[in-house]
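Structure record follows, encoded as structure tokens.
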There are 2 protein chains.
Amino acid sequence: MGTVIEPRLSKGEATRERILEIAEAAVLTKGFGATSIDEVIAEAGLTKSGFFYHFKDKNALAREMLRRYVATNDQLFDDIFARGRALSDDPLQAFLISLKLLAETMADLPSGHPGCLIASICYQERLFDREVRELTAQSVRDWNARFRRIFDGIATVYPPCEPVDLDDLADALSCIVDGAIIMSKTLNDPKKLEQQIMLFRGFVKLLFAPN
Amino acid sequence: MGTVIEPRLSKGEATRERILEIAEAAVLTKGFGATSIDEVIAEAGLTKSGFFYHFKDKNALAREMLRRYVATNDQLFDDIFARGRALSDDPLQAFLISLKLLAETMADLPSGHPGCLIASICYQERLFDREVRELTAQSVRDWNARFRRIFDGIATVYPPCEPVDLDDLADALSCIVDGAIIMSKTLNDPKKLEQQIMLFRGFVKLLFAPN
DNA sequence: TCAATTACTGTACCCATGGTATGGTTTTCT
DNA sequence: AGAAAACCATACCATGGGTACAGTAATTGA
């Protein structure tokens with residue numbers, strides 16, 4: 001627990017990671033279009049030539065940033081839902097636990113959630129090539145499908161007390177998280193995200209829990 | 001119905017409006033930082049001098065864009081919730097009707113919702129001055145307070161079947177709308193927005209409706 | 001209708017930044 | 001030691017935000 005096995009990075013890979021991390025933080029606060037390569041390399045401590053050695057252009061940077069972001073998020077979801085299932089055999093209970101874990105994870109972020117890269121890209125779509133946009137769409141579809149499977153499992157055991165479209169319900173989680181991140185950032189109140197996840201949890205309970 | 005009284009605009013005001021409309025569309029698809037004044041004036045059919053006659057700099061443009069966006073949205077909410085109240089004296093029914101109207105309004109947008117300017121700004125905060133950021137925060141607070149008052153009215157008549165924080169519930173509407181707009185845009189599926197509003201409507205019903 | 005605003009156009013210019021190209025140099029690894 | 005990887009230096013171009021200022025066309029109110 002807590003120990004992550006970091007595959008040993010070559011110097012080049014380490015630099016790439018550093019660039020991606022710095023760029024991501026910049027993109028989430030200023031947008032992709034307004035993130036200058038100059039400031040990224042300044043913070044990363046390398047020259048422009050060094051940057052273009054790693055990424056052939058700005059769009060390549062976007063692609064790799066996105067891949068990294070999606071992979072990290074996938075990993076987080078894998079962990080959280082696996083832990084939920086480990087703590088309860090009941091699909092509903094497992095999901096409720098996982099939502100709680102998700103809320104706690106978000107609440108533990110030191111200065112709030114830094115932002116969703118997919119939302120950021122969505123509001124700057126014209127800046128990106130087809131590949132980047134297709135990657136964002138596919139990631140969202142994958143997450144929705146993941147949640148949908150979970151709700152399927154729940155609904156077979158606990159029929160919902162009101163008719164509900166499970167696809168919409170699955171979509172709702174991503175929507176709420178993305179929307180709450182925006183509200184947290186806009187109001188400078190990190191708690192909103194946690195609160196909205198817990199509110200959604202309450203609805204899921206209300207919808208599926210017997211009684 | 002349908003007829004809006006347009007206050008007669010002077011030529012200058014008309015140009016300002018045109019600039020703001022073009023700029024807003026550009027900002028919502030490319031971001032503020034990547035929206036060049038050159039392209040805006042090209043589309044608006046005026047020169048750079050003409051632009052700076054109306055707006056002293058890019059931040060002034062952002063401010064006016066935002067004011068316009070907020071005013072339009074406020075007007076929409078005023079209309080929709082007034083119509084809901086006109087159609088039912090019961091606060092819950094009135095709200096459910098309004099949510100339906102909201103969902104329909106969103107569904108009727110020709111090519112989906114163009115995007116939320118506040119979300120766009122939120123993902124480019126560092127580009128804007130304090131005034132713009134304060135304006136976004138205040139707008140969100142106002143909308144949340146508006147919804148909160150409505151839920152207050154409902155809760156006094158219909159006590160919720162489960163304990164729920166009405167502030168969080170009020171926040172949820174903005175979150176869901178913002179999140180669903182992002183999903184709609186990312187997946188290029190305008191229906192998501194309508195579906196999420198109707199799902200939220202279902203939860204409200206489940207929470208407050210007797211039985 | 002005429003004068004005063006208002007609403008622009010045109011030109012010229014400054015500086016920062018994104019991005020490209022290319023050739024050379026150092027580091028790292030085997 | 002030698003090859004590949006990981007850079008650095010320099011030069012260059014186009015674009016974009018922004019300023020300054022002089023002139024002109026269109027509106028508008030008295």
Side-chain angles (χ1 to χ4, degrees), chain A residues 6-65 120-121 124-129 131-132, chain B residues 6-27 29-66 120-121 124-129 131-132:
Chain A
E6 311 243 3
R8 219 184 120 66
L9 298 178
S10 73
K11 198 195 173 200
E13 289 167 327
T15 303
R16 275 172 71 91
E17 272 301 303
R18 212 167 66 248
I19 292 173
L20 288 171
E21 200 167 316
I22 290 165
E24 185 176 317
V27 166
L28 288 175
T29 54
K30 322 199 321 181
F32 186 74
T35 296
S36 76
I37 296 178
D38 277 346
E39 67 169 316
V40 171
I41 62 180
E43 203 176 331
L46 82 169
T47 64
K48 212 178 233 188
S49 323
F51 174 87
F52 283 105
Y53 169 78
H54 289 286
F55 306 95
K56 82 172 222 284
D57 56 22
K58 233 183 157 190
N59 243 304
L61 173 69
R63 263 200 312 277
E64 293 311 308
M65 254 175 57
S120 172
I121 290 172
Q124 306 176 55
E125 28 155 357
R126 291 270 158 268
L127 299 184
F128 302 95
D129 56 34
E131 193 182 344
V132 169
Chain B
E6 310 243 4
R8 219 186 122 63
L9 297 179
S10 73
K11 199 195 174 200
E13 287 167 328
T15 303
R16 274 173 72 90
E17 271 302 301
R18 211 166 68 248
I19 292 173
L20 288 171
E21 200 168 316
I22 291 165
E24 184 176 316
V27 167
T29 54
K30 321 198 324 179
F32 185 75
T35 296
S36 74
I37 296 178
D38 278 346
E39 68 169 316
V40 172
I41 62 179
E43 202 176 331
L46 81 169
T47 63
K48 210 180 228 186
S49 322
F51 175 87
F52 284 106
Y53 170 77
H54 288 286
F55 305 97
K56 81 172 223 285
D57 57 21
K58 230 185 159 192
N59 243 302
L61 173 70
R63 262 199 313 277
E64 294 311 309
M65 255 175 57
L66 186 53
S120 172
I121 289 173
Q124 305 177 54
E125 28 155 357
R126 291 271 159 267
L127 299 184
F128 302 95
D129 55 34
E131 194 182 343
V132 169

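Proteins come first, then strands; the chains are lettered A, B, ... in the order of their sequence lines, and each starts at number 1. Computed over heavy atoms, backbone and side chain alike; hydrogens, waters and symmetry mates excluded.
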With a 4.0 Å cutoff (strictly under), does any side-chain N or O of His54(B) reach OP1 or OP2 of dC8(C)?
yes
Comparing nearest nucleotides in DNA chain C, the 5'-proximal residue of the pair Ser49(A), Gly33(A) is Gly33(A)
Counting side-chain heavy atoms from C-beta on, which of dA5(D), dG17(D), dT20(C) comes nearest to Tyr53(A)?
dA5(D)
Without decimals, in angstroms, what is the distance between Phe51(A) CZ and dA9(D) P?
18 Å
To the nearest 0.5 Å, atom CG of Leu61(B) lies from atom CZ of Phe32(B) at 5.5 Å
Which of these nucleotides, dT20(C), dC7(D), dG16(D), is closest to any side-chain atom of Ser36(B)?
dG16(D)
From NZ of Lys58(A) across to P of dT20(C) the rounded distance in Å is 11 Å
Rounded to whole Å, how long is the line connecting atom CG of Asp38(B) with atom P of dG18(D)?
11 Å
Backbone of Ile37(B) reached by a side-chain donor or acceptor of Lys48(B) within 3.5 Å
no
To the nearest 0.5 Å, tell me how far Arg63(A) CZ sits from Phe128(A) CZ.
11.5 Å
Check the distance between dA9(D)'s P and Ile41(A)'s CD1 and give it to me in whole angstrom.
11 Å
Nearest whole angstrom, please: distance from the C1' of dA4(D) to the CD of Glu13(A).
14 Å
From NZ of Lys56(B) over to P of dC8(C), roughly how many Å is that when rounded to an integer?
20 Å
Where the side chain of Asn59(A) meets the backbone of Ala62(A), is there a donor-acceptor pair that is under 3.5 Å apart?
no
Just the rounded figure in Å: distance from C1' of dT9(C) to CG of Leu46(B).
10 Å
Check: Ala44(B) main-chain N/O paired with Arg18(B) side-chain donor or acceptor under 3.5 Å:
yes
Return the value, rounded to whole Å, for the distance between atom CZ of Arg16(A) and atom P of dC7(D).
11 Å
Which nucleotide, dG18(D), dC7(D), dT20(C), lies nearest any side-chain atom of Phe52(A)?
dT20(C)
Minimum-distance nucleotide to Asp57(B) side chain [options: dG18(D), dA9(D), dT20(C)]:
dG18(D)
Looking at dG17(D), does its base get a donor-acceptor pair with the side chain of Lys48(B) below 3.5 Å?
yes
